[in-house]
Amino acid sequence: MKIALFNTKMYDKQFFDIAIANTDHTIEYFEVSLNSATAKLTPGYDAVCVFVNDYLQADTLEQLAKHGIRLILLRCAGFNNVDIEKAHTLGIRIYRVPAYSPQAVAEHAVALLLTLNRKTHKAFNRVREHNFSLERLTGFDVYKKTIGIVGTGQIGIAFSKIMKGFGCNVLAYDIVQSQEALSQGVQYVDFDTLLAQSDIISLHCPLNHATKHMLNMTQFEKMKQGVMIINTSRGGLIHTIDAIQALKTGKIGYLGIDVYEQEEHLFFKDLSESIVADDVIARLMTFPNVLITAHQGFFTNEALEQIAQTTIQNIDLYISNTHTENEVI
Ligand code: NAD
């Protein structure tokens, strides 16, 4: 099969070249994102391989179908960036990589939590400038704090295991209860109870119609003063403008985000010589208690290897028409 891989970074090529060796498939790497303007690159290919910030809406999908593309390979877990219904109407099937080192994302959520709390990013810079003062670096013990986890799927469970190891009380909210979470001693509560009782809230559910802006001003008002919020899932789960208001009043005491509502214009790009036009992220970056990383939760060697291998296996499952939970239906 001939695959057009979009949004290619050096590390994608590195891991996909290994995964594709000794197969009959070939990959052409394109640095550009896949969208209605770049879909013209797809004639002659059988499949496209895309990432979180390639937006495959109706106009793009129609062009793909016209060019004979019958398969979309998402090299990620989330699929909120693809109009699934439209793709199916056009006879295009979609496969994803539902599980690739959930520990990678869970560990990154913990990294955000600890950095915000113990201010290691500030300490690092201070010490390099021979400023050995501890003023304003005070943190809090994570031990015995209440952690609220929204979404106890693979990443939420991996995160809760780590927080249990810290000696935390873990509350969870999900539309489905997980036996594994229950056996870890996680206590399921309703959403409002989680908001009201948690010292730290970490989001691990997908972005969809039900979860869009699930944290907005109404929800922030129900939280403890100075709550810490961590989001490694999808930017659209948080109403960013409301979060800025809640940061200004001190309701949110710490905000750690690896995802951002408008991230497709920024993340995965080197804009260090450009003028960033997004005033919302610019405002977020002015807060000393906000930590932003650019969607790197998944970014470990183990996860990249798994993503490439599963994506190539998905092609074979598609060709043999073998049922797999990796297919988005
Ligand atoms: P998963 O499917 O294993 O778990 C998602 C959980 O969310 C499920 O238990 C589901 O029941 C729950 N859920 C669904 N709707 C909900 C709702 N309305 N309220 C509460 N819970 C709800 O997914 P996962 O592998 O744990 O991934 C979670 C999210 O992490 C993904 O959707 C993706 O957006 C994000 N992610 C981010 C990165 C990154 O690099 N930052 C990498 C991978 C995944």
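Order of appearance sets the numbers: ligands from 1, and atoms from 1 within every ligand. The residues of the chain are indexed from 1 along the displayed sequence.
Set against the non-hydrogen atoms of H204, the atoms of ligand 1 under 4.0 Å away are 5 (C), 6 (C), 7 (O), 28 (C). Short contacts between ligand 1 and G297, defined as distances under 4.0 Å to a heavy atom of the residue, involve ligand atoms 40 (O). Near G151, meaning under 4.0 Å from any of its heavy atoms, are these atoms of ligand 1: 7 (O), 21 (N). If you number the atoms of ligand 1 from 1 as listed, the ones under 4.0 Å from a heavy atom of T152 come out as 9 (O).
Counting only non-hydrogen atoms, the option in V105, V176, D174 that gets closest to atom 11 (O) of ligand 1 is D174. Taking each of V97, V52, I149, I175 in turn, the one with a heavy atom nearest to atom 15 (N) of ligand 1 proves to be I175. Of the options S233, P98, C205, the smallest heavy-atom separation from atom 30 (O) of ligand 1 is shown by S233.
An N or O contact shorter than 3.5 Å is missing between N208 and ligand 1 by distance. Considering backbone and side-chain N/O of T211, none are found under 3.5 Å from N/O of ligand 1. The shortest N or O to N or O distance between I155 and ligand 1 is below 3.5 Å. Remark: ligand 1 and F298 share an N or O pair separated by less than 3.5 Å (distance only, no angle test). The distance criterion of under 3.5 Å between nitrogen or oxygen atoms is met by T232 with respect to ligand 1.
When only modelled atom types and interatomic distance are considered, H25 and D316 share a side-chain donor-acceptor pair under 3.5 Å. Between the side chains of Q63 and K66, no donor-acceptor pair is found at a separation under 3.5 Å. In summary, the side chains of T211 and N208 do present a donor paired with an acceptor at a separation below 3.5 Å, with no hydrogens or angles considered. Inspection of the E302 and S101 side chains reveals no N or O donor paired with an N or O acceptor under 3.5 Å.
The protein atom (non-hydrogen) at minimum distance from atom 32 (O) of ligand 1 is P206 CA, 3.3 Å. The nearest heavy-atom contact from the protein to atom 4 (O) of ligand 1 is G153 CA, 3.1 Å. Nearest protein heavy-atom neighbour of atom 33 (C) of ligand 1: R234 NH1, 3.7 Å. Here the protein heavy atom with the shortest distance to atom 19 (N) of ligand 1 is Y173 CE2, 3.5 Å. Among protein heavy atoms, the minimum distance from atom 3 (O) of ligand 1 is reached at Q154 N, 3.0 Å.
Remark: of the listed residues D17, D12, N7, D17 is the sole one forming a side chain to side chain donor-acceptor pair (under 3.5 Å) with Y29. Residue H108 is tested with T300, T293, T232 for a side chain to side chain donor-acceptor pair (under 3.5 Å); the sole match is T293.
When every heavy atom of N81 is checked against every heavy atom of D54, the shortest pair comes out as ND2-O, 2.9 Å.
Between L237 atom CG and M214 atom CE the span is 6.5 Å, to the nearest 0.5 Å.
Separation of the Y11 and F299 ring centroids falls under the 6.0 Å cut-off.
By the 6.0 Å contact criterion, CG on D190 is enclosed, its count of non-hydrogen atoms from other residues, nucleotides or ligands being greater than 12.
In L207, neither the side chain nor the backbone holds a heavy atom less than 4.0 Å from any atom of ligand 1. Residue contacts with ligand 1, taken as heavy atom pairs separated by less than 4.0 Å, involve Y100 solely via side-chain atoms from C-beta onward.
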Determine, step by step, whether T38 and N35 satisfy the side-chain contact (heavy atoms from CB on, under 4.5 Å) criterion, reporting the C-alpha distance in whole Å, the side-chain angles of both residues, the deciding distance to 0.1 Å, and the verdict.
CA-CA 5 Å; T38 56; N35 53 42; 3.3 Å; yes

Check the pair Q245, F220 against side-chain contact (heavy atoms from CB on, under 4.5 Å), reporting the backbone distance first and the verdict last.
CA-CA 10 Å; Q245 286 312 313; F220 295 138; over 6 Å; no

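By the 30° and 60° cut-offs, the orientation of the rings of H213 relative to H239 is tilted.
There is a protein heavy atom less than 4.0 angstrom from atom 26 (O) of ligand 1. The presence of a protein heavy atom under 4.0 Å from atom 23 (O) of ligand 1 is ruled out. Distance remark: protein heavy atom present below 4.0 angstrom from atom 44 (C) of ligand 1.
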